[in-house]
Number of protein chains: 2
Amino acid sequence: MTPKIQSFVMHCGEMGSRWGFNRTIGQMCGLLVISEQPLTANEISDRLNISRGNVSMGIKELQSWRLIQVQHRPGDRKEYYSPAGSIWDMALRVFEERRKREVDPTLSLLRDNMLDAPANSEEAYAQAKMHEIHDLLDALTHFASELPKMGPERLHSLMKLGAGVGKVLDMKDKFLKANK
Amino acid sequence: MTPKIQSFVMHCGEMGSRWGFNRTIGQMCGLLVISEQPLTANEISDRLNISRGNVSMGIKELQSWRLIQVQHRPGDRKEYYSPAGSIWDMALRVFEERRKREVDPTLSLLRDNMLDAPANSEEAYAQAKMHEIHDLLDALTHFASELPKMGPERLHSLMKLGAGVGKVLDMKDKFLKANK
DNA sequence: TTAAAGTTTCAATAATTTCTGAAACTTTAA
DNA sequence: TTAAAGTTTCAGAAATTATTGAAACTTTAA
């Protein structure tokens, strides 16, 4: 590995836990993304100096995130791993998977807690706050689930637009009102 | 604490590490959000059964996330803590703070690595991928930095619109083309 | 001043998470 | 069948992270 590749892979390791997995898995993911050729588990183990067992667990985890895919070569029993889809695809998957782990459980707890009437005024306040949080997370979840439907180009133009979306939205509202 | 409040606070603790902090800090944050009255460090320590020192460290951390604020009462030397701003404000802050910790370091590493020419074809491929990642994170960062400027209502209508934004964007493009 | 009320720090310990490597398992070619 | 090539599992060890609590520090009223 050249120094630049090395530094990228090690960086992915350091960031791994912040991105929702751990060091090893971060390194593995980084390595696979910048490798043109698919790699076997043993190659990953060698290049990263990580035990074979650890690689095996990492592969399972990366598969559960839907970030890598297996390939086979004719006349070769080994399994070759490569990233599943484009960088955009992977980013959207990480987004979605993290939403599932970081938001969904809270959403369902809040729904449960909001069901019955408050027992006293302290609880009434608490429930009102839970309602606020619920609405926010709910809106966020809906939005996030729609993102993949938009396709990379539109996503890109949306992001470039930034706060400008606000103006476009206002424009739309005016337009609708005028045609009513 | 009533069972419902209890369950919410404990849930925040369990989710704490997934949200970017740890159990104690998650609990503290949850407790403060659903408490109508500001709380002192000792009250937090009592209600959550957490050592006084731990609460002190948690307060510092929550302040570094800009999620809580201190208040004083006339004739009372104690410090009272309460959430800083609305739920939306807090969500935006968590978003921004996490971007700083999870994206910014990678962005700067990628910029560095992209500067000089590739040493060989393996590195050329790696650099192309890094470029892709950089562009994605860069777009994301710009977009995120614009969000707070939009205000809660517009944000809410944007989220409700979901993939529909795509159509609005197309509409805008057509409109601009027609008027060219 | 000083002592009481309050806060912070940090070394030691507890709890949790990650990693290893050897043993068990699976698949396939001969 | 069987043995070679490959993969997975998991108990224990290592590394990391969180928590406590006592001592040090700060502030203020008397």
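Both backbone and side-chain heavy atoms feed into the values below; hydrogens, waters and symmetry mates do not. Sequence lines set the chain letters: A, B, ... in the order given, protein chains first and strands last, and positions in each chain run from 1.
- Using a 4.5 Å cut-off on side-chain heavy atoms (C-beta onward), A:Glu122 and B:Glu36 make no contact.
- Summarising the geometry, the separation between NZ on B:Lys78 and P on D:dA29 is reported as 13 Å, rounded to the nearest angstrom.
- Within the 4.5 Å cutoff, side-chain heavy atoms of A:Lys100 are placed close to those of A:Glu96.
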Item to complete: Please report the C-alpha distance between B:Gln127 and B:Asn113 in whole Å, then the side-chain angles of each, then the deciding distance to 0.1 Å, and finally whether the side chain to side chain contact (heavy atoms under 4.5 Å, CB included) criterion is met.
Response: CA-CA 8 Å; B:Gln127 271 190 326; B:Asn113 267 356; 5.6 Å; no

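- Side-chain N/O atoms of A:Arg77 and base N/O atoms of C:dT27 include a donor-acceptor pair closer than 3.5 Å.
- As rounded to whole Å, 12 Å separates atom C1' of C:dT18 from atom CD of A:Glu61.
- Of the residues listed (A:Arg93, A:Arg101, A:Arg99), the one engaging A:Glu97 in a side-chain contact (heavy atoms from CB on, under 4.5 Å) is A:Arg101, and it is the only one.
- Pairing for D:dG21 is with C:dC10, a Watson-Crick or G-U wobble pair whose two hydrogen-bonding atom distances lie under 3.5 Å.
- The shortest distance between the side-chain N/O atoms of B:Arg23 and the OP1/OP2 oxygens of C:dA15 is not below 4.0 Å.
- Taking 4.0 angstrom as the limit, A:Asn42 places none of its side-chain polar atoms (N or O) nearer than this to OP1 or OP2 of D:dG6.
- Put simply, B:Asn22 has a side-chain N or O that comes within less than 4.0 Å of OP1 or OP2 on D:dT19.
- Taking 4.0 angstrom as the limit, B:Lys60 places a side-chain polar atom (N or O) nearer than this to OP1 or OP2 of C:dT9.
- At whole-Å resolution of the value, CD1 in A:Ile25 and P in C:dT17 are 14 Å apart.
- Among the protein residues, B:Asn54 comes within range of the nucleic acid bases, having at least one heavy atom under 4.0 Å from a base atom.
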Item to complete: List the steps, then state whether side chain to side chain contact (heavy atoms under 4.5 Å, CB included) holds for A:Glu14 with A:Arg23.
Response: CA-CA 6 Å; A:Glu14 279 143 32; A:Arg23 180 154 39 108; 5.7 Å; no

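- Under the Watson-Crick or G-U wobble criterion, with both distances below 3.5 Å, D:dA30 is paired with C:dT1.
- One can place CD1 of A:Ile50 at 14 Å from C1' of C:dG21, the figure rounded to the nearest angstrom.
- The CG-P distance, from B:Leu62 to D:dA18, rounds to 13 Å in whole Å.
- As rounded to whole Å, 9 Å separates atom C1' of C:dC10 from atom CE of B:Met57.
- For the pair B:Arg52 and A:Asp76, both in contact range of DNA chain D, the more 5′-proximal nearest nucleotide belongs to A:Asp76.
- Backbone-only contact: A:Thr24 has heavy atoms under 4.0 Å from sugar-phosphate atoms and none from a base.
- At whole-Å resolution of the value, CD1 in B:Ile59 and C1' in D:dT19 are 15 Å apart.
- When each of A:Asn49 and B:Ala41 is assigned the nucleotide of DNA chain C with its nearest heavy atom, B:Ala41 is the one assigned upstream, toward the 5' end.
- Rounded to an integer number of Å, the gap from OH of B:Tyr81 to C1' of C:dT8 is 10 Å.
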